[in-house]
Amino acid sequence: MKTDQIRKQTNKFLQGYLDEINQITQNASDIDKAGKWGVDGWIVTIHDLFDLQVRTFATVLRAGIAGPWWAATESPDAPIETDPITVEQTNYPRKLNASTFKRVGLPTMTIPPYSLGFEPEILPAGFTEYRIVLKDDRFLGANYKGTVFLTATSGTAEPDQMEVVVGL
């Protein structure tokens with residue numbers, strides 16, 4: 001792995017960590033401004049910080065277990081796929097799109113649609129299964145809920161909507 005790739009991955013990790021700390025402090029500030037601060041405000045903030053620390057430790061541990069990053073020749077980042085999701089069979093191909101997925105139990109943590117993909121991207125006629133692909137490791141290790149839109153590739157019919165809960 002090249003030095004530039006390592007630097008980019010490290011920067012991405014640190015930026016994600018700082019973004020989450022900023023989100024936690026912003027949430028605490030919002031609770032305080034709403035006049036609801038008290039024991040509950042402290043508990044929520046401490047739980048959020050503890051959750052972030054556990055996920056950060058898990059990420060660092062995962063990186064350590066993965067092996068000697070300085071000797072790697074390829075990027076170890078493979079997209080994470082969900083279990084197959086089943087849909088009704090149709091006689092026309094459909095394009096898959098997603099809404100913003102929200103973490104179950106922590107709806108302020110969201111996965112933006114650009115961090116998700118699909119396998120296959122276009123569901124061929126007659127196919128009944130697809131997988132959601134996570135492209136960003138910062139959202140790894142939790143269950144998320146969102147809506148998947150299945151739109152016919154030809155025509156102007158309304159897209160089918162499907163609410164799903166996936167473990168990533």
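Quick note: residue numbers are just sequence positions, from 1.
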Side-chain H-bond candidate by donor/acceptor type, Q23 with N27, under 3.5 Å: yes
Side chains of [X] and [Y], heavy atoms from C-beta outward: is any pair under 4.5 Å?
X	Y	answer
Y17	T59	no
I24	T45	yes
P93	L123	no
I132	F118	yes
L49	Q53	no

Backbone N or O of [Y] within a donor-acceptor pair of the [X] side chain at under 3.5 Å?
X	Y	answer
S99	T147	yes
Y144	F139	yes
S115	I111	no
S29	T25	no

Ionic contact status for K145 with E163, cut-off 4.0 Å: yes
E158 side, atom CD; L150 side, atom CG - distance, nearest 0.5 Å: 13.5 Å
Interatomic distance, E121 atom CD to L96 atom CG [nearest 0.5 angstrom]: 9.0 Å
Joint hydrophobic cluster, [X] plus [Y], side-chain heavy atoms closer than 4.5 Å:
X	Y	result
L134	M162	yes
V164	F127	yes
L140	F101	yes

Pairing residues for W42 by the side chain to side chain contact (heavy atoms under 4.5 Å, CB included) criterion, not counting sequence neighbours: W37
Qualifying residues under side chain to side chain contact (heavy atoms under 4.5 Å, CB included), relative to L106, sequence neighbours excluded: D48, D51, R103, T108, M109
Of all heavy-atom pairs between [X] and [Y], which one has the smallest distance, and what is that distance?
X	Y	result
T151	P159	OG1-CB, 3.2 Å
G167	N143	CA-OD1, 3.1 Å
A98	L116	CB-CD1, 4.3 Å
T128	E88	CG2-C, 4.4 Å
K95	T153	N-CG2, 3.9 Å
E129	P120	O-CD, 4.2 Å

From CA spacing to verdict: side chain to side chain contact (heavy atoms under 4.5 Å, CB included), N97, V148: CA-CA 6 Å; N97 292 314; V148 175; over 6 Å; no
Partner residues of T90 under the side chain to side chain donor-acceptor pair (under 3.5 Å) criterion, sequence neighbours left out: R94
CA sep, side-chain torsions, deciding dist, call: Q26, N22, side chain to side chain donor-acceptor pair (under 3.5 Å): CA-CA 6 Å; Q26 183 62 45; N22 286 337; over 6 Å; no
